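These notes are about the structure you will find just below.
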Number of protein chains: 2
Amino acid sequence: MVKITDVARHAGVSPSTVSYALSGKRPISEETRLRVEASIRELGYRPHAGARALASSRSNVLALVVPLRAGIHVPVVMQFAVSVVTTARRHDHDVLLLTQEEGEDGLRRVADTALVDAFVVMDVQLDDPRLPLLRSLERPSVMIGFPADAEGLTCIDLDFKAAGEACVEHLARLGHRVVALVGSPPEVYVRQTAFAQRVVQGFTAAADRGRLASSVHPCEATPAAAREVAEQLLREQPALTGVVVHNEAILEPLVEAFEQLGLRVPADLSITAICPDELAENLRVPITSVALPSAEVGERAVELLMRKLDSKTVPEATLLPPRMTERASTAPRNTP
Amino acid sequence: MVKITDVARHAGVSPSTVSYALSGKRPISEETRLRVEASIRELGYRPHAGARALASSRSNVLALVVPLRAGIHVPVVMQFAVSVVTTARRHDHDVLLLTQEEGEDGLRRVADTALVDAFVVMDVQLDDPRLPLLRSLERPSVMIGFPADAEGLTCIDLDFKAAGEACVEHLARLGHRVVALVGSPPEVYVRQTAFAQRVVQGFTAAADRGRLASSVHPCEATPAAAREVAEQLLREQPALTGVVVHNEAILEPLVEAFEQLGLRVPADLSITAICPDELAENLRVPITSVALPSAEVGERAVELLMRKLDSKTVPEATLLPPRMTERASTAPRNTP
DNA sequence: GTGAAAGCGCTAACAG
DNA sequence: CTGTTAGCGCTTTCAC
């Protein structure tokens with residue numbers, strides 16, 4: 001294994017000069033820097049991560065905490081993860097994957113052993129049990145999602161309330177007067193996951209403001225459940241002409257179910273969704289949707305974390321504004 | 001931060017004794033061990049990961065290499081990942097997430113910096129460009145999937161050939177004589193991913209052996225593509241009564257498409273799949289399937305890796321035998 | 001069964 | 001602008 005002293009000798013400088021040439025933490029003359037860089041390349045030198053972590057008390061590793069509870073849409077989680085890794089690498093950091101089997105102990109463990117420098121925490125609940133720990137840990141963290149009390153924490157997410165509002169307002173503009181929200185599985189609400197609730201808030205507030213009749217329907221993530229909800233809606237709300245879907249897993253079967261029940265989309269029923277663009281684009285009827293910007297959220301989360309690691313201040317709350325794309329699933333209300 | 005010398009002082013022993021009490025690498029008297037353990041607990045001592053890695057040249061971190069190419073089913077990848085993390089933790093290891101943005105350089109980097117001790121490599125292609133590197137790296141690796149030439153490597157996967165055979169044999173036993181395989185997206189075959197090809201091999205071989213008429217149909221991972229394949233099959237193979245599906249994303253829409261085209265499952269058409277049990281169970285018509293044992297593969301992969309890290313020998317190839325579960329989607333051929 | 005001490009490879013004062 | 005050097009906290013010979 002080639003080490004820093006080998007490089008130093010080869011370049012005719014001291015180890016500290018090599019170290020500083022690498023870190024840029026003090027000025028190095030153009031000439032020696034080039035010589036050091038050449039030696040590094042020639043010898044194929046790679047600094048030992050452990051030695052570095054020990055000497056600098058920085059591991060350059062972030063922990064990504066992925067609980068993977070029931071009712072979450074896995075592809076979205078994966079997109080987050082990929083974008084977190086990609087962005088972390090751009091900042092010369094690696095990513096340690098932490099699932100929730102160990103619970104909060106896992107967080108404490110990797111923090112206490114100095115395995116990681118900071119945390120990206122996903123799937124945050126309104127009353128998340130990890131909050132006290134994250135506040136007490138001496139390492140910075142960024143949460144993807146908002147708890148009820150975010151005091152002293154850094155959070156980022158799509159503005160789900162505004163997303164819910166945007167969907168309703170879009171339908172209202174098209175003349176729809178009776179709308180329904182088909183939401184996440186019941187357990188997601190029971191668990192008090194913030195984002196699901198905020199969609200409901202936005203949906204309801206916008207409907208009330210616009211004097212639309214509205215109702216909310218949690219829905220399991222199975223095609224069968226989707227069909228049931230479709231039937232129920234038709235039965236109980238015959239005047240319904242606008243639907244907002246906030247449940248990736250059942251978007252496709254729900255649309256199919258409505259059509260099988262004799263409703264044409266968008267002629268008889270307008271449908272909008274809050275979901276990844278990729279999903280909305282690829283259905284048989286492309287769906288007007290507010291994008292779930294997983295990649296952007298992951299990227300921004302890591303960038304916030306990097307600023308915190310540099311002891312810079314960051315906003316406590318970052319809400320990404322909803323971005324709606326009109327596709328083939330919404331149309332003006334068919335007034336007979 | 002509490003360190004090993006603090007614990008040593010508190011317990012009235014030397015640092016090395018604390019270290020050995022922790023690692024068990026040399027005998028410690030019951031009495032001192034208990035005293036050391038008590039001190040550790042009392043002081044809340046956690047060994048510094050970097051210091052440990054530096055002194056022992058073991059980081060106790062595995063790299064999980066997840067390429068995330070097009071055409072792979074994300075939930076399955078996630079299941080692998082979770083099971084890899086869980087099993088690694090059981091063996092006192094953590095998991096670093098490596099996507100393929102960096103390509104092979106990423107592997108080399110984390111190996112050369114001693115960030116990780118070993119690799120779990122997913123989504124292996126028949127002619128995988130990472131193979132030479134993995135062979136040359138001084139760190140052990142286990143591949144999930146089989147390349148064309150696995151010489152000198154350790155591989156594990158479901159026996160996809162046997163899985164393809166099992167599906168055909170099941171249909172043959174039920175009296176079906178004309179069968180089709182609806183496979184993965186074309187890019188998966190073009191890329192020469194081993195598992196997709198092996199399903200085709202097994203499917204075709206078993207069909208030939210049983211003198212069944214058979215055909216193979218790659219299919220994009222979209223509902224629209226599923227509908228097209230269904231229509232095509234009905235048009236071109238009117239005698240078709242048995243279908244094997246190896247494409248998680250389109251299983252549900254394909255079944256729906258067949259039924260909308262007037263075929264009842266299983267009365268007119270028997271369907272079997274190679275997919276996660278969870279998917280097969282939750283369709284409106286539960287599907288007879290060979291399980292994709294993601295969790296087991298991930299677990300076994302890590303266990304192989306642990307044996308290699310202990311310099312024990314392991315089999316080069318581990319093929320998990322297919323396990324078929326009969327559900328509601330297959331029935332004896334309806335002989336009019 | 002236990003202790004002393006020499007590193008592991010790097011960073012960051014401190015010194016010039 | 002560069003070199004010298006003292007650790008960072010742990011493991012592991014070597015010695016008893």
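Every chain is numbered from 1, with letters handed out A, B, ... down the list of sequences. Quantities reported herein were computed from a predicted structural model and do not represent experimental measurements.
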Under 3.5 Å, side-chain donor or acceptor atoms of residues 57-68 of chain B against the rest of the protein: list the pairs with distances, not counting sequence neighbours.
unit_1: R58(B); atom_1: NH2; unit_2: L309(B); atom_2: O; d: 2.8
unit_1: S59(B); atom_1: OG; unit_2: V61(B); atom_2: N; d: 3.2
unit_1: S59(B); atom_1: OG; unit_2: L115(B); atom_2: O; d: 2.9
unit_1: S59(B); atom_1: OG; unit_2: D117(B); atom_2: OD1; d: 3.2
unit_1: N60(B); atom_1: ND2; unit_2: D92(B); atom_2: O; d: 3.0
unit_1: N60(B); atom_1: ND2; unit_2: D92(B); atom_2: OD2; d: 3.4

To the nearest 10 degrees, how far apart in direction are the end axes of the helix from dG1(C)-dC16(D) to dG16(C)-dC1(D), each fit to five base pairs? 30°
Got a list of side-chain donor-acceptor pairs under 3.5 Å for residues 47-54 of chain B, not counting sequence neighbours?
unit_1: H48(B); atom_1: ND1; unit_2: G50(B); atom_2: N; d: 3.0
unit_1: H48(B); atom_1: ND1; unit_2: A51(B); atom_2: N; d: 3.0

At a heavy-atom distance below 4.0 Å, which nucleotide of DNA chain C is the first touched by chain B, and which is the last? dG1(C) to dG9(C)
Show me the pairs that pass salt bridge (Lys or Arg N to Asp or Glu O under 4.0 Å) and involve residues 9-26 of chain B, at least two apart or across chains. D6(B)-R9(B)
Could you state the CG-C1' distance from D112(A) to dC10(D), rounded to the nearest angstrom? 17 Å
Any side-chain heavy-atom pair of F160(A) and L292(A) under 4.5 Å: yes
Let me know the distance between CD1 of I4(B) and C1' of dC8(D), rounded to the nearest Å. 14 Å
Using side chain to side chain donor-acceptor pair (under 3.5 Å) as the criterion, list what pairs up with E101(A), not counting sequence neighbours. T99(A), T86(B)
Do any side-chain atoms of residues 119-127 of chain A form donor-acceptor pairs under 3.5 angstrom with protein atoms, and if so which ones, sequence neighbours left out?
unit_1: D123(A); atom_1: OD2; unit_2: R69(A); atom_2: NH1; d: 2.7

For R89(B), all residues meeting side chain to side chain donor-acceptor pair (under 3.5 Å), sequence neighbours excluded: E102(A)
Min side-chain heavy-atom separation L134(A)-M143(A) under 4.5 Å: yes
Considering every strand and a 4.0 Å limit on heavy-atom distances, what is the contact class for V13(B): base, sugar-phosphate, or nothing? sugar-phosphate
Contacts of type side chain to side chain donor-acceptor pair (under 3.5 Å), residue R130(B), not counting sequence neighbours: D128(B)
Return the set of residues passing side chain to side chain donor-acceptor pair (under 3.5 Å) with S83(A) (not counting sequence neighbours), or none when no residue passes. none
Would you tabulate the nitrogen or oxygen pairs shorter than 3.5 Å linking the protein to nucleotides 12-16 of chain D?
unit_1: dT12(D); atom_1: OP2; unit_2: K25(B); atom_2: NZ; d: 3.2

Specify the residues of residues 29-53 of chain A, ordered by number, for which at least one heavy atom lies under 4.0 angstrom from an atom of DNA chain D. S29(A), T32(A)
Heavy-atom distance under 4.5 Å between the side chains of F146(B) and L153(B), does that happen here? no
Does E31(A) have more than 12 heavy atoms from other residues, nucleotides or ligands lying within 6.0 Å of its CD? no
Would you find a donor on one side and an acceptor on the other, under 3.5 Å apart, between the side chain of D149(B) and the backbone of E151(B)? yes
